[in-house]
Every structure is written in structure tokens, then in C-alpha cells.
Amino acid sequence: MGWERDIRIKTPAEIERMRAAGRLNAMALAAVRELLQPGVTTADLNAAAEEVLRKHGAYSPFKNYGHPPYPASICVSINEELVHGIPGKRKLKEGDIVSVDCGTVLDGYVGDSAFTAGVGEISPLARKLLEVTEQALYVGIAMMRVGNKTGDVSAAIQQFVEANGFHVTRQYTGHGVGRSMHEGPQVPNYGTPGTGIPLQPGMTIALEPMVLVGTHRTRVLPDQWTVISADRSLTAHFEHSVAVTEGEPLILTVL
Ligand code: MG
Ligand code: MG
């Protein structure tokens, strides 16, 4: 470990390259989103993302990451699965909510982004969860300005989510991103305003609210990757890689 302290300030030229990786990552996620319908397998989603990356000379940093080595290019996490679900034979069903997390390495730089979307008609609770989690991401991004600290970003996410009656994970965090998928600073989804690392222009951070309906507690399934809510309540995850600038935060992982 140790990546939490490894903060790397990027030059404008590096941020341009991260923007290119982020744009391609958004294309891969868009290809996956188009496939979300009942009967499609999670392996089909992985194949669609891989195809987009491969065609552009890129690959996913998720593949072979960690121990045991992560076996796929994206994570697909359904309903109570919060993050790190492994694609396979499972078929999507009407009413599922599906979190898709994709990483891209292009020209030596990483883009990292995720969304959660419904399959067909979803419950009012699921719809609210998706809205709150996505808004929490933008509430956090809005705090990514010079003069603020990482704790201001974390606290804004936590306060927004909890004001809406949901819970943020304590186990998994946002992170710096650049030449590698995980750099400093670590940016949890909970925290105290005025604490943490001062934000500086050229910092690039993957911000990723992970939100649970029932409690903040999670556990890992026997596959050693899939993280679920401990009470099996619904969960959602949205993520963008974002650059801190002298002015407005710059979202890197969009088309
Ligand atoms: Mg991610
Ligand atoms: Mg991430």
C-alpha cells in the first residue's frame, strides 16, 4: 500500500492525456449502458467495454489487479452488491439496479468512472437511491476547489447522503488517479469539514460515492471481490475522475 500519500500534481499536458483516457472510458461505459436490458449477461457487458477499449489501443487497469487477481475489465454489481462484482453468466432482470465501474489506461494515463442504472422499471426506492447517489457525486465535485480540503469534499458527500436518509460506506474511498489507478490523496465518502489535504491545481481525483439504503456496513462474498451491503439492502455507486484547476473542477471521464 502507501498510495494514499503518493500525491502527484499533473501538468496541463498530463491532464490533456487524462482527459483522453477519461473520454474513452466514458465511451466504454456508454456502450455498456446501451446493453442494459433483461436477459443480457454481465459477461456481455464486460465484453462490450473491452471491445471499445481494445479498438482504441487501451485496456482496463482492473484486469489482474490485486489478490486474487481481478479477472475482468469492468465491475458489475447488482442490487445489494455495492462494488467489485465480477462479470459472468448472471442475467440482468427487470427491476435490477446495476452498477458498472470501468477503468481505462490510454497512453499511460488512467480514467476511472462508474454509474448505476435501472433495468426496465425500477422501484421508487431504487429510483431515489440512484438520484441521491448521483447528486452526491456532483455535490462532492462542486467542493473540489482551491481553498478547500479533502475533508470538505468528504463531508459534503456524507451530509447530502445522510440528509436523504441513506448511508455512505466507511470501507471504500475515492482516490487520486493518474499514471496509476490509485494515488493519493484518499477521499472517503465521510469526513469532517476543514480537515485533510488542501486541494491544489493539477490534483486529479476519482470521487466515488458508494451509498447503501439500510446501514453503512458491508461484507465481502467468498469470491473475495464482490462487496455487498451487510443487510442486503440496495446500494448504488457513481464515480468521475476530476481535475482540480484554478477555477471550476474539470470532469475528465465524460464524452
Ligand atoms: Mg472505479
Ligand atoms: Mg475508483
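We count ligands from 1, going down the list as the structure has it; atoms in each ligand are counted the same way. Note that these values count all heavy atoms, side chains included, but never hydrogens, waters or copies made by symmetry.
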Exercise for review: For the Mg ion (ligand 2), count the protein N, O or S atoms found under 2.8 Å away.
Suggested key: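 With waters ignored, the protein N/O/S count below 2.8 Å is 4.
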Considering only NZ, NE, NH1 and NH2 on the basic side and carboxylate oxygens on the acidic side, decide whether [X] and [Y] come within less than 4.0 Å.
X     : Y      : answer
Glu80 : Arg219 : no
Glu81 : Arg90  : yes
Arg8  : Glu14  : no
Glu51 : Arg54  : yes

Check your understanding: So which pairs with a foot in residues 86-112 pass ring pair (Phe, Tyr, Trp, His ring centres under 6.0 Å), sequence neighbours left out?
Key ->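 Found none.
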Review point. Can you tell me if Thr150 uses its side chain to pair, donor with acceptor, with the backbone of Ile197 under 3.5 Å?
Key: yes
